Amino acid sequence: MTKSELKIRAIENGTVIDHITANKALHILKILNLPDDETSNVTVAMNVSSGEIERKDIVKIENRELDHSELNQIALIAPKATINIIRDFKPIKKDKIVLPKKISSIIKCTNPKCITNFENEPITPLFNVVREYPPVVRCHYCEKLIKTEDIEKQFE
């Protein structure tokens, strides 16, 4: 290894989220709401060079595998990310994040008059994906388009 290379310690078991859009790793950490204990060490690399995309972020989470709900949320922030499941220091599964056709309960409609925003109406927000990259969704109830920048604001 030369002096110009950066080495990030391998994890024995857990999840590596790679190819995150540059400078979005902190949004990912907020989505995951990681516990404050010794079992889930987290390594974050931000704005590093990449062969596929110019710059990217990487998040490594020890001793934790992500569920579908977490992956759907990550897809809204980092639609080109890849997920690697690591066991005994070896990747056993590698998948690209896939944005589902419908999204429920992850974000809120930005239309204040939407029925999902009335406190006395127990209606779960539901969105249809209009475009995968960059993500754009449409509210199932009021049909308001919600663009990427509005989605990202909800995770800040």
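Keep in mind that what you see is a predicted model, and the values were worked out from it rather than measured. Along the sequence shown, residues are numbered consecutively beginning with 1. Below, each value reflects all heavy atoms present in this structure, side chains not excepted, and no hydrogens, waters or symmetry copies.
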K60 and side chain to side chain contact (heavy atoms under 4.5 Å, CB included): which single residue from D18, N84, V16 fits?
V16

Output for pair (N111 CG, K144 NZ), nearest 0.5 Å, gives 6.5 Å

If you group Ile, Leu, Val, Met, Phe, Trp and Tyr by side-chain heavy-atom gaps below 4.5 Å, do I97 and L26 land in one group?
yes

Derivation and outcome, side chain to side chain contact (heavy atoms under 4.5 Å, CB included), residues Y141 and L126
CA-CA 8 Å; Y141 301 101; L126 179 63; 4.0 Å; yes

Check the hydrophobic clustering (I, L, V, M, F, W, Y; side-chain heavy atoms under 4.5 Å; chains of links allowed) and say if I103 and I115 are grouped together.
no

State plainly whether one hydrophobic cluster holds both V130 and L76, where clusters connect Ile, Leu, Val, Met, Phe, Trp and Tyr through side-chain heavy atoms under 4.5 angstrom apart.
no

Any idea which heavy atoms bring T82 and H19 closest together, and the distance?
OG1-ND1, 3.2 Å

K96: salt bridge (Lys or Arg N to Asp or Glu O under 4.0 Å) partners, not counting sequence neighbours
none

Could you check V42 against L29 for side chain to side chain contact (heavy atoms under 4.5 Å, CB included), going step by step and ending with a plain yes or no?
CA-CA 9 Å; V42 178; L29 293 178; 3.8 Å; yes

Side-chain donor/acceptor of E70 to backbone N/O of D67, under 3.5 Å:
yes

Check: N72 side chain, P100 main-chain N or O, donor-acceptor pair, under 3.5 Å
no

CD of E149: more than 12 outside heavy atoms within 6.0 angstrom?
yes

Quick one: does T116's side chain have a donor or acceptor within less than 3.5 Å of a partner on T124's backbone?
no

I need the I20 CD1 to S50 OG distance, nearest 0.5 Å.
11.5 Å

Keeping the roles fixed (side chain from N117, backbone from C109), state whether a donor-acceptor pair exists under 3.5 Å.
yes

V48 and K56: side chain to side chain contact (heavy atoms under 4.5 Å, CB included), yes or no, with the steps?
CA-CA 5 Å; V48 296; K56 69 178 181 178; 3.7 Å; yes

Do D57 side-chain atoms and A22 backbone N/O form a donor-acceptor pair below 3.5 Å?
no

Using a 3.5 Å distance criterion without hydrogens, assess whether the side chain of N13 forms a donor-acceptor pair with backbone atoms of N63.
no

Calculate, to the nearest 0.5 Å, the distance between atoms CD and CD belonging to Q154 and Q73 respectively.
11.0 Å

Going from CD1 on I92 to NZ on K94, what distance comes out if it is rounded to the nearest 0.5 angstrom?
14.0 Å

Main chain of R55, side chain of S49: is a donor-acceptor contact present, judged purely on distance under 3.5 Å?
no

For V137 and I107, run side chain to side chain contact (heavy atoms under 4.5 Å, CB included): C-alpha distance rounded to whole Å, both residues' side-chain angles, the deciding distance at 0.1 Å, then the answer.
CA-CA 10 Å; V137 297; I107 58 173; 3.9 Å; yes

Sorted by first residue and then second, give each salt bridge (Lys or Arg N to Asp or Glu O under 4.0 Å) pair with at least one member in residues 72-92; sequence neighbours left out.
E65-R87

Can you measure from CG (L71) to CG (L32) and round to the nearest 0.5 angstrom?
9.0 Å

